[in-house]
> 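Please see the structure below; I have some questions.
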Amino acid sequence: MNKTIAVLASTACLLCSAAAQATPYKLDFTASGYSPGIFSGTAAPQNPVSGSIFFSAASLGAAVTSIDAVNLTIGGHAYTAAEIGAGFYSDGYVFGAKSNGVGINMAGTDDFYLILSSSNNVFSYAVNGVFDTWVTRGISARYTDVTPPPAAAVPEPAALALLGLGLAGIGLSRRRQPRRT
């Protein structure tokens with residue numbers, strides 16, 4: 001009985017050390033062909049808008065677990081990863097500034113959202129100090145898996161600790177068993 005428990009505990013330790021990791025992705029996009037501002041009718045101050053959003057998810061189409069980096073400047077405002085959020089939209093994603101809520105665009109603020117799905121692609125933005133927003137459906141976008149190539153396997157300290165616990169458990173169970181002659 002003790003041996004069975006030790007083997008099960010050792011197996012659990014080894015399985016826990018092999019937890020799934022998120023995959024890093026890069027979204028490159030360009031949005032152009034904006035309609036005149038919805039409030040003033042003026043031309044978009046920046047046309048086109050191009051950028052990159054680096055994010056992690058278990059797989060493409062799964063929930064975004066983190067925004068890792070951003071290369072996006074709109075109207076002189078360079079966005080940071082901390083300012084950007086992500087969510088689901090239909091069968092795709094919505095990325096946007098978190099200041100007014102991802103997927104909501106507030107005129108007069110540094111704000112944007114980008115919707116990419118099979119049924120709807122939209123990019124909308126606003127700039128600080130100008131009470132207007134500009135919208136386009138003219139978007140080209142590409143997702144790239146940016147997982148680095150596998151390097152030489154270097155065990156993580158936690159994995160080694162769990163492996164050691166598993167081996168110690170097996171060793172203790174063997175030691176406690178009476179020897180058979």
Side-chain angles (χ1 to χ4, degrees), residues 18-154 156 158-159:
Q21 300 250 341
T23 302
Y25 294 97
K26 178 183 179 189
L27 166 62
D28 290 307
F29 69 92
T30 299
S32 60
Y34 295 90
S35 56
I38 62 173
F39 297 110
S40 67
T42 60
Q46 185 174 332
N47 187 9
V49 173
S50 294
S52 300
I53 299 173
F54 295 81
F55 66 96
S56 295
S59 63
L60 198 55
V64 172
T65 56
S66 66
I67 302 292
D68 305 319
V70 175
N71 180 11
L72 176 62
T73 300
I74 303 173
H77 180 80
Y79 287 90
T80 65
E83 294 177 287
I84 308 298
F88 287 114
Y89 183 89
S90 183
D91 61 346
Y93 289 116
V94 57
F95 293 94
K98 294 190 287 189
S99 57
N100 297 303
V102 175
I104 299 171
N105 195 350
M106 184 74 67
T109 64
D110 287 320
D111 200 359
F112 81 95
Y113 66 82
L114 170 63
I115 296 172
L116 296 171
S117 75
S118 64
S119 62
N120 195 16
N121 292 334
V122 177
F123 187 86
S124 178
Y125 77 92
V127 294
N128 190 23
V130 180
F131 193 77
D132 216 334
T133 59
W134 295 270
V135 180
T136 186
R137 294 189 182 280
I139 302 165
S140 65
R142 181 182 56 167
Y143 292 101
T144 308
D145 180 338
V146 291
T147 304
V154 177
E156 294 286 332

> Please round to the nearest 0.5 Å and tell me the distance separating atom NZ of Lys26 and atom CG of Asp68.
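Rounded to the nearest 0.5 Å, the NZ-CG separation comes to 13.0 Å.
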> Working to the nearest 0.5 angstrom, can you tell me the gap between Met106 CE and Asn128 CG?
12.5 Å
> Going from CD1 on Ile139 to CG on Leu114, what distance comes out if it is rounded to the nearest 0.5 angstrom?
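One gets 5.5 Å once the value is rounded to the nearest 0.5 Å.
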> Do Asn47 side-chain atoms and Gly33 backbone N/O form a donor-acceptor pair below 3.5 Å?
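Flag set: sc Asn47 to bb Gly33 pair under 3.5 Å.
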> Go through Tyr93 and Tyr143 one step at a time and tell me if the side chain to side chain contact (heavy atoms under 4.5 Å, CB included) criterion holds.
CA-CA 11 Å; Tyr93 289 116; Tyr143 292 101; 3.4 Å; yes
> Which residue, Leu72, Val102, Asn105, forms the side chain to side chain contact (heavy atoms under 4.5 Å, CB included) with Phe112?
Leu72
> Just by distance, with hydrogens left out, do Ser90 and Asn120 show a side-chain donor and acceptor under 3.5 Å apart?
no
> Rounded to the nearest 0.5 Å, what's the gap from CD1 on Ile115 to OG on Ser124? Could you check?
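Those atoms lie 9.0 Å apart.
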> List the residues meeting ring pair (Phe, Tyr, Trp, His ring centres under 6.0 Å) with Phe131, not counting sequence neighbours, and say none if there are none.
Phe39
> Got a donor-acceptor contact below 3.5 angstrom from the Thr42 side chain to the Gly37 backbone?
no
> Which residue, Thr147, Asp145, Ile53, forms the side chain to side chain contact (heavy atoms under 4.5 Å, CB included) with Tyr25?
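It is Asp145; the other options fail the test.
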> Do Thr136 side-chain atoms and Ser32 backbone N/O form a donor-acceptor pair below 3.5 Å?
yes
> About how many Å separate CG of Asp111 and OG of Ser99, when rounded to the nearest 0.5 Å?
4.5 Å
> Please list, chain by chain and in numerical order, all residues satisfying side chain to side chain donor-acceptor pair (under 3.5 Å) with Asn71, sequence neighbours excluded.
none
> So, Asn121 side chain and Ser117 main chain: donor-acceptor pair closer than 3.5 Å or not?
yes
> Taking the six-membered ring for Trp, is the centroid-to-centroid distance between Phe95 and Phe29 below 6.0 Å?
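When the ring centroids of Phe95 and Phe29 are compared, they turn out to be at least 6.0 Å apart.
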> Quick one: list whatever passes salt bridge (Lys or Arg N to Asp or Glu O under 4.0 Å) with Asp91, sequence neighbours left out.
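Salt bridge (Lys or Arg N to Asp or Glu O under 4.0 Å) check on Asp91 returns nothing, list empty.
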> Ring-plane angle category for Phe123 and Tyr125, please: parallel below 30°, perpendicular beyond 60°, tilted otherwise.
tilted
> Is a side-chain donor or acceptor of Glu83 paired with a backbone partner of Ala97 at a separation under 3.5 angstrom?
no
> Say you draw a straight line from CD1 of Ile84 to OG of Ser66; how long is it, rounded to the nearest 0.5 Å?
13.0 Å
> Which heavy atom in Tyr34 sits nearest to a heavy atom in Ala44, and how many Å separate them?
CB-CB, 3.8 Å
> Is a side-chain donor or acceptor of Asp132 paired with a backbone partner of Ser40 at a separation under 3.5 angstrom?
yes
